[in-house]
Structures are given as structure tokens and as C-alpha cells.
Amino acid sequence: TGTEEDKRVLEKKREEKAKKKQDRKSKRYEDDEDDNESGEWEKVKGGVPLVKEKPKMFAKGTEINHAVVVKKLNEILQARGKKGTD
């Protein structure tokens with residue numbers, strides 16, 4: 001009978017855990033609803049504008065050869081995916 005008691009205790013713990021989780025979810029949902037009760041869109045100020053610099057290709061008067069092109073390609077590849085920082 002000890003194992004049956006253990007099973008009951010475990011089942012009860014599981015149920016309590018599930019109920020707590022459900023309570024947290026419903027509470028979070030209610031909080032979201034309370035923030036904007038009128039149901040209208042809320043106007044917000046825009047974030048920091050990202051200034052994208054156009055990459056400068058080659059300086060005037062430089063001879064464009066394989067080494068220069070490969071160097072520039074590596075520069076561009078390293079800059080990809082980076083966001084502007086303040």
C-alpha cells in the first residue's frame with residue numbers, strides 16, 4: 001500500500017503544480033488586458049534610428065587589384081549583421 005500512497009502524493013503534487021502554472025498564465029493574461037482597457041492602439045515614440053552607412057568601396061586613384069578587392073570583401077563581410085551602437 002506504500003506505493004499507492006506514493007502515487008497519490010505524486011499525483012497531488014502534479015495537480016498542484018499544474019494549477020499554479022495555470023494561475024500564473026491567467027494572471028499574466030489579465031495583466032496584459034488591464035494595461036489597455038480601451039482596446040485602442042497606443043502611440044509610442046520610435047526607437048533609435050539605425051543609420052546604415054553605405055560602404056565606401058575604393059579610394060580615388062587606388063589601383064584595384066585582387067589583393068585590394070579581397071581585403072574590401074573581408075571588411076564588408078565582417079560588418080554584416082552588426083547594428084549601429086551609441
Side-chain angles (χ1 to χ4, degrees):
T1 60
T3 56
E4 286 190 26
E5 284 181 34
D6 291 343
K7 285 181 181 177
R8 282 192 208 121
V9 169
L10 284 173
E11 186 62 33
K12 193 163 186 93
K13 282 185 180 178
R14 280 194 198 118
E15 286 174 9
E16 287 174 8
K17 210 174 196 180
K19 186 172 179 358
K20 283 182 184 177
K21 190 174 183 181
Q22 188 63 37
D23 288 347
R24 279 198 306 265
K25 277 186 179 177
S26 63
K27 173 103 176 91
R28 193 179 316 142
Y29 182 72
E30 289 169 12
D31 288 347
D32 289 347
E33 295 260 322
D34 292 343
D35 291 344
N36 191 358
E37 291 181 14
S38 63
E40 295 177 24
W41 286 92
E42 184 178 332
K43 289 190 178 184
V44 293
K45 293 182 181 175
V48 178
L50 293 177
V51 179
K52 295 212 176 195
E53 284 186 33
K54 211 171 186 188
K56 290 146 184 87
M57 285 297 137
F58 302 103
K60 291 249 189 218
T62 43
E63 183 180 335
I64 300 174
N65 55 28
H66 290 288
V68 174
V69 171
V70 170
K71 183 179 173 195
K72 184 55 75 173
L73 175 64
N74 285 330
E75 268 180 45
I76 293 169
L77 288 176
Q78 288 175 357
R80 285 183 70 194
K82 290 185 180 177
K83 291 186 177 180
T85 57
D86 288 282

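Residue indices begin at 1 and follow the sequence shown.
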Between K12 and E15, does at least one N-O distance fall below 4.0 Å, as a salt bridge requires?
no

Are R14 and E11 ion-paired here, with the side-chain N under 4.0 Å from a carboxylate O?
yes

Are K21 and K17 side-chain neighbours, meaning at least one heavy-atom pair lies under 4.5 Å?
no

Tell me whether I76 is reachable from I64 by hopping between hydrophobic residues (I, L, V, M, F, W, Y) whose side-chain heavy atoms are closer than 4.5 Å.
yes

Test side chain to side chain contact (heavy atoms under 4.5 Å, CB included) applied to K72 and V68, step by step
CA-CA 6 Å; K72 184 55 75 173; V68 174; 5.5 Å; no

